[in-house]
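What you see is a predicted model; the values in this text were computed from it and never measured.
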Amino acid sequence: ARTVSLHIFNHRSIWQQALLALLLCCIAACTGEYSLDGLEQKFIARRQQIDELRVLATQVAMTTSINGYSVATTQFLLEGDKFVSIPESLEQFTSAKDQLLRITALVHEIGLSGFSVTRGNSIYIMMSTGGALGSSSGYIYDESKRLLKRTQKKKKISGEQHWYVFLSS
């Protein structure tokens, strides 16, 4: 009986150790990639693409009713929280076709979850949304500082005038 109980205890101990190691790896991965400093480093590496996306998205928002994009639905977001598929948007907004195609390519190159353009040419770029922990992270371009007032955990990106990284839960 002792041998069996020791065997079960050792078996549990191995599983507990494995579970603890897995948990620590997950925490390290999450906090490294989605910490403010980690997001800032990723921004620096992708700055040209992210800024190109911002410029194109704000131009399209000024000339059409498109003001966002969702990777989850692979659709553009229209004013009034309505979605339109990429083929439909290309048919409906022929004058912005090249810009919409480039935006779609940039979304995939950058690897973001979505973006949303707001008044004053401000933009939220979500690198992650929701998930198991229910937190979002990404970048904000905000000349007016209105978006920043609603964002609790943020940090200005070094050397940038209007770019910030954010984490929210």
Side-chain angles (χ1 to χ4, degrees), residues 29-30 32-169:
C30 289
E33 185 172 352
Y34 297 114
S35 69
L36 293 176
D37 290 335
L39 284 164
E40 182 176 10
Q41 292 306 311
K42 287 186 177 226
F43 177 89
I44 292 166
R46 299 179 184 141
R47 190 207 185 289
Q48 184 177 358
Q49 292 170 309
I50 292 170
D51 204 50
E52 182 183 0
L53 174 67
R54 177 193 63 82
V55 170
L56 288 172
T58 53
Q59 288 173 351
V60 166
M62 287 189 290
T63 59
T64 70
S65 58
I66 294 174
N67 61 9
Y69 185 87
S70 169
V71 171
T73 62
T74 318
Q75 295 179 322
F76 284 103
L77 175 64
L78 301 175
E79 292 173 1
D81 293 332
K82 297 177 183 172
F83 284 97
V84 62
S85 70
I86 293 170
E88 288 176 288
S89 67
L90 296 175
E91 287 178 24
Q92 188 175 351
F93 304 105
T94 55
S95 63
K97 181 179 180 179
D98 291 338
Q99 292 168 310
L100 294 173
L101 289 171
R102 182 61 183 145
I103 287 170
T104 304
L106 284 168
V107 163
H108 295 291
E109 288 173 24
I110 297 168
L112 54 94
S113 297
F115 69 82
S116 178
V117 178
T118 64
R119 286 189 202 151
N121 297 330
S122 297
I123 186 169
Y124 270 109
I125 297 177
M126 283 73 69
M127 297 305 291
S128 69
T129 55
L133 300 176
S135 61
S136 298
S137 64
Y139 309 106
I140 297 173
Y141 181 88
D142 191 10
E143 292 177 11
S144 67
K145 308 284 190 259
R146 280 184 274 185
L147 293 178
L148 294 173
K149 291 177 185 175
R150 293 183 267 157
T151 307
Q152 291 179 352
K153 194 169 183 184
K154 62 193 172 276
K155 175 184 174 188
K156 188 171 183 180
I157 296 175
S158 300
E160 298 292 332
Q161 188 173 0
H162 301 293
W163 279 108
Y164 299 81
V165 294
F166 77 90
L167 292 172
S168 62
S169 48

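- To the nearest 0.5 angstrom, Met126 atom CE is 6.0 Å from Ser116 atom OG.
- Contact between Glu143 and Ser122 at its shortest, heavy atoms only, is N-OG, 4.1 Å.
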- Task: Could you go through the side chain to side chain contact (heavy atoms under 4.5 Å, CB included) check for Phe76 and Ile103 one step at a time?
- Result: CA-CA 10 Å; Phe76 284 103; Ile103 287 170; 4.0 Å; yes
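- In this structure, CG on Leu56 lies 10.5 Å from CG on Asp98, to the nearest 0.5 angstrom.
- Residues Leu100 and Thr64 have side chains not in contact (no heavy-atom distance under 4.5 Å, counting atoms from C-beta outward).
- Here the straight-line distance linking atom CD1 of Ile125 with atom CG of Leu53 works out to 5.0 Å at 0.5 Å rounding.
- Applying the side-chain hydrogen bond (donor to acceptor under 3.5 Å, both in side chains) definition to pairs two or more places apart or across chains, those involving residues 86-96 are Ser85-Glu88.
- Considering CZ of Phe93 and CD1 of Ile66, their distance stands at 4.5 Å, rounded to 0.5 Å.
- Here the shortest heavy-atom pairing between Ser113 and Ser128 reads OG-CA, 3.6 Å.
- Among residues two or more places apart in sequence or in another chain, the side chain to side chain contact (heavy atoms under 4.5 Å, CB included) test is passed with Thr74 by Tyr69, Ile86.
- Between Ile123 atom CD1 and Asn67 atom CG the span is 10.0 Å, to the nearest 0.5 Å.
- Here salt bridge (charged side-chain N to carboxylate O under 4.0 Å, His left out) pairs that include residues 56-65, with residues two or more places apart or in two chains, number zero.
- With rounding to the nearest 0.5 Å, the separation of CD1 in Ile44 from CD1 in Ile157 is 7.5 Å.
- Inter-residue side-chain proximity for Val107 and Phe115 is flagged as met; some heavy-atom pair is nearer than 4.5 Å.
- Of the N and O atoms on the side chains of Ser144 and Asp142, at least one donor lies less than 3.5 Å from an acceptor on the other residue.
- Listed by first then second residue, pairs satisfying side-chain hydrogen bond (donor to acceptor under 3.5 Å, both in side chains) with a partner in residues 43-55 read Arg47-Glu160, Gln49-Glu109, Asp51-Arg54, Asp51-Trp163, Glu52-Arg102, not counting sequence neighbours.
- Ser70 pairs by the side chain to side chain contact (heavy atoms under 4.5 Å, CB included) definition with Ala72, Thr73, Phe83, not counting sequence neighbours.
- Residues meeting the side-chain hydrogen bond (donor to acceptor under 3.5 Å, both in side chains) test with Lys155, sequence neighbours left out: Asp37, Glu40.
- Of all heavy-atom pairs spanning Val71 and Gly114, the tightest one is CG2-N, 4.3 Å.
- The heavy-atom pair separating Ile110 from Met127 by the smallest distance is O-CE, 3.7 Å.
- Under the ring pair (Phe, Tyr, Trp, His ring centres under 6.0 Å) rule, Phe166 has a single partner from Tyr139, Phe43, Tyr124, which is Tyr124.
- Thr58 is not listed as a side-chain neighbour of Tyr141, based on a closest heavy-atom distance of 4.5 Å or more.
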